[in-house]
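Contents: one structure, followed by commentary.
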Amino acid sequence: MNDIDVREAITQAHHEEWARVVASLTRRFGDLDIAEEAAAEAFATAVQRWPADGVPPNPGAWLTTTANRQAIDRIRRESKRDDKHRKAQMVYDDPPEPVGAIDDDRLRLIFTCCHPALAMETRVALTLRMVAGLTMPEIARAFLVAESAMGQRITRAKAKIKAARIPYRMPSADDLPARVSGVLAVLYLVFNEGYLATGSDTDPVRHELTAEAIRLTRLIRVLLPDDGEVAGLLALMLLTEARRPARVSAGGELVALDEQDRGAWDTALIAEGHRLVRERLAAAAAGVAPGRYQILAAINAVHTSARDIRDTDWSQVLALYDQLVRLDPSPIIALNRAIAVAELDGPEVALAAVDRLEPRLAGYHAYHATRADLLRRLGRGRESRAAYGKAIDLAGNTAETAYLIRRRDQLR
């Protein structure tokens with residue numbers, strides 16, 4: 001195995017094993033700092049040793065064992081004389097912990113990071129780091145904040161968990177419904193990072209993240225089978241994931257929805273997602289108001305029901321966005337709504353709505369990409385090229401950047 005193969009094996013192991021290693025260490029040692037640092041040291045050791053020793057038959061087991069040794073060494077170095085015995089017990093005694101309906105270390109870790117003692121944005125950011133293994137720049141881009149600020153936020157969150165002795169366990173059945181909203185927000189962002197990665201130094205689509213987000217959402221649905229937002233988020237993920245095979249071209253360029261080969265979509269995932277949406281529509285007809293994820297799932301159901309982009313029921317899409325804006329008046333929702341407005345009322349009306357969002361979305365690449373497309377449709381080529389240029393400067397995803405460059409260059 002050459003060096004390139006080894007590097008690819010390490011990258012794959014990081015994608016697949018990071019959450020398992022961190023969750024296992026957190027369960028054993030009860031300290032997020034120790035878990036994260038020991039996991040990082042284990043991967044650094046792999047970078048040093050695997051090129052010479054070869055990739056082990058079970059990379060996950062090797063990494064977990066190495067990380068455990070790193071954690072034990074750190075505890076030994078930091079232990080004071082008067083509490084060595086207690087620390088040694090924690091290290092060498094691994095008592096079984098009572099488990100709930102689902103015994104999954106990564107799900108436990110998510111609920112620990114999403115404890116209500118932490119602010120909502122902090123819960124999401126911490127879990128993206130500890131469970132999804134996202135880098136600090138990736139998380140900062142997801143929140144549209146500076147990397148230094150995000151690093152401080154995550155450091156404070158881990159310190160608060162340690163100081164408050166927040167336990168590493170699943171919440172009780174009574175507490176579960178109140179805790180789940182933060183978890184769903186985390187899983188949604190993990191899925192989005194996988195479906196369109198924000199970093200330029202990673203694959204444009206990270207299937208391991210989308211698959212893990214779907215897997216964990218399925219587990220939560222087992223715990224809360226009657227929760228509409230859990231079902232809505234699962235449906236949203238399935239309908240979005242169904243389009244992944246047509247998302248990136250063979251040349252590594254993002255393929256927009258109107259250009260995708262719909263025959264390449266995963267029909268099984270679409271069927272399951274549509275079934276969940278129909279269930280939630282029945283609940284809405286019975287007087288149960290849908291939440292944010294249910295409405296987003298319904299929008300995706302409209303798109304995946306159309307055999308061709310020209311068959312899309314844009315009036316239904318806009319009606320759903322109008323409903324969503326009342327629940328979530330965020331500028332990004334308003335930006336997406338404007339795309340539907342362009343199909344119904346024309347690009348000029350949509351551009352006026354988009355321009356009103358500039359103060360809040362000036363640093364968001366999709367804002368400039370949307371403006372560029374609307375300006376192109378209005379025949380304002382020079383302005384469109386300038387907007388494409390801003391979008392290219394801000395976009396981190398390599399496939400999306402390639403798509404934007406092609407669209408800009410077509411205006412010459």
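Counting only N and O atoms by type, the side chains of Gln12 and Glu16 include a donor and acceptor under 3.5 Å apart. For the residue pair Asp313/Ser315, the side-chain donor-acceptor check at 3.5 Å is satisfied. Under the 3.5 Å distance criterion, with hydrogens and angles disregarded, no donor-acceptor pair is assigned to the side chains of Asp373 and Thr370. One side chain, His207 or Arg244, offers a donor N or O that lies under 3.5 Å from an acceptor on the other.
Contact check on Arg20 versus Asp105 returns no salt bridge, with no Lys/Arg side-chain nitrogen under 4.0 Å from an Asp/Glu carboxylate oxygen. A salt bridge is absent between Glu193 and Arg129: the closest approach of a Lys/Arg side-chain nitrogen to an acidic carboxylate oxygen does not fall below 4.0 angstrom. The pair Arg49-Asp53 meets the salt-bridge criterion, with a side-chain N (NZ, NE, NH1 or NH2) lying under 4.0 Å from an Asp/Glu carboxylate O.
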CA sep, side-chain torsions, deciding dist, call: Arg337, Asp322, salt bridge (Lys or Arg N to Asp or Glu O under 4.0 Å): CA-CA 8 Å; Arg337 179 186 179 277; Asp322 288 340; 2.6 Å; yes
Criterion side chain to side chain contact (heavy atoms under 4.5 Å, CB included) on Leu196 and Arg247, from CA distance to verdict: CA-CA 9 Å; Leu196 190 64; Arg247 180 72 163 163; 3.7 Å; yes
Criterion side chain to side chain contact (heavy atoms under 4.5 Å, CB included) on Thr398 and Thr401, from CA distance to verdict: CA-CA 5 Å; Thr398 55; Thr401 300; 5.6 Å; no
Evaluation steps, salt bridge (Lys or Arg N to Asp or Glu O under 4.0 Å), between Arg407 and Glu400: CA-CA 11 Å; Arg407 298 288 281 180; Glu400 192 167 18; over 6 Å; no
His303 and Trp314: CA distance, side-chain angles, deciding distance, ring pair (Phe, Tyr, Trp, His ring centres under 6.0 Å) verdict: CA-CA 9 Å; His303 285 302; Trp314 288 106; 5.4 Å; yes
Test side chain to side chain contact (heavy atoms under 4.5 Å, CB included) applied to Arg28 and Asn68, step by step: CA-CA 9 Å; Arg28 184 171 187 184; Asn68 270 282; 2.9 Å; yes
Derivation of the side chain to side chain contact (heavy atoms under 4.5 Å, CB included) call for Leu404 and Leu254: CA-CA 9 Å; Leu404 292 169; Leu254 183 75; over 6 Å; no
Verdict with supporting geometry, Glu212 and Arg106, salt bridge (Lys or Arg N to Asp or Glu O under 4.0 Å): CA-CA 10 Å; Glu212 181 67 358; Arg106 285 164 290 179; 3.2 Å; yes
Audit row: Arg215, Glu241, salt bridge (Lys or Arg N to Asp or Glu O under 4.0 Å) steps and yes/no: CA-CA 12 Å; Arg215 187 189 75 84; Glu241 177 74 358; over 6 Å; no
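Rounding to the nearest 0.5 angstrom, the gap separating the CG atom in Leu128 from the CE atom in Met136 is 11.0 Å. Atom CZ of Arg371 and atom OG of Ser384 lie 9.0 Å apart (nearest 0.5 Å). Atom CZ of Arg123 sits about 6.0 Å away from atom OG of Ser181, to the nearest 0.5 Å. To the nearest 0.5 Å, atom NE2 of residue His274 and atom CG of residue Leu269 are 11.0 Å apart. Note that CZ of Arg356 is 10.0 Å distant from CG of Leu351, once rounded to the nearest 0.5 Å. For the atom pair CG of Asn192 and OG1 of Thr240, the computed distance is 8.0 Å after rounding to the nearest 0.5 Å.
Nearest heavy-atom pair across Ala235 and Gly273 is CB-O, 3.8 Å. For the pair Ala19 and Val131, the tightest heavy-atom approach, listed with the atom from each and the gap, is CB-O, 3.0 Å. When all heavy atoms of Ala340 and Val317 are compared, the pair lying nearest together is CB-CG1, 4.0 Å. Here the closest heavy-atom approach between residue Pro171 and residue Leu176 is recorded as CG-CD1, 3.6 Å.
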Which donor-acceptor pairs under 3.5 Å do the side chains of residues 221-234 make with protein atoms, sequence neighbours left out?
unit_1	atom_1	unit_2	atom_2	d
Arg221	NH1	Pro225	O	3.3
Asp227	OD1	Glu229	N	3.0
Asp227	OD1	Val230	N	3.1
Glu229	OE1	Tyr293	N	3.3
Glu229	OE1	Gln294	N	3.2
Glu229	OE1	Gln294	NE2	3.0
Glu229	OE2	Arg292	N	3.0
Glu229	OE2	Tyr293	N	3.0

List the atom pairs, donor and acceptor, that lie under 3.5 Å between side-chain atoms in residues 152-166 and the rest of the protein, sequence neighbours left out.
unit_1	atom_1	unit_2	atom_2	d
Arg153	NH1	Glu121	OE1	3.3
Thr155	OG1	Gly151	O	3.0
Lys158	NZ	Asp33	OD1	3.0
Lys158	NZ	Glu36	OE1	2.4
Lys160	NZ	Ala117	O	2.8
Lys162	NZ	Asp31	OD2	3.1

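Taking the ring pair (Phe, Tyr, Trp, His ring centres under 6.0 Å) definition, one finds that His14 meets it with Trp18, Phe43, sequence neighbours left out.
A donor-acceptor pair under 3.5 Å is formed between the side chain of Ser249 and the backbone N or O of Glu253.
Under the side-chain hydrogen bond (donor to acceptor under 3.5 Å, both in side chains) rule, Arg243 has a single partner from Asn300, Asp261, Asp266, which is Asn300.
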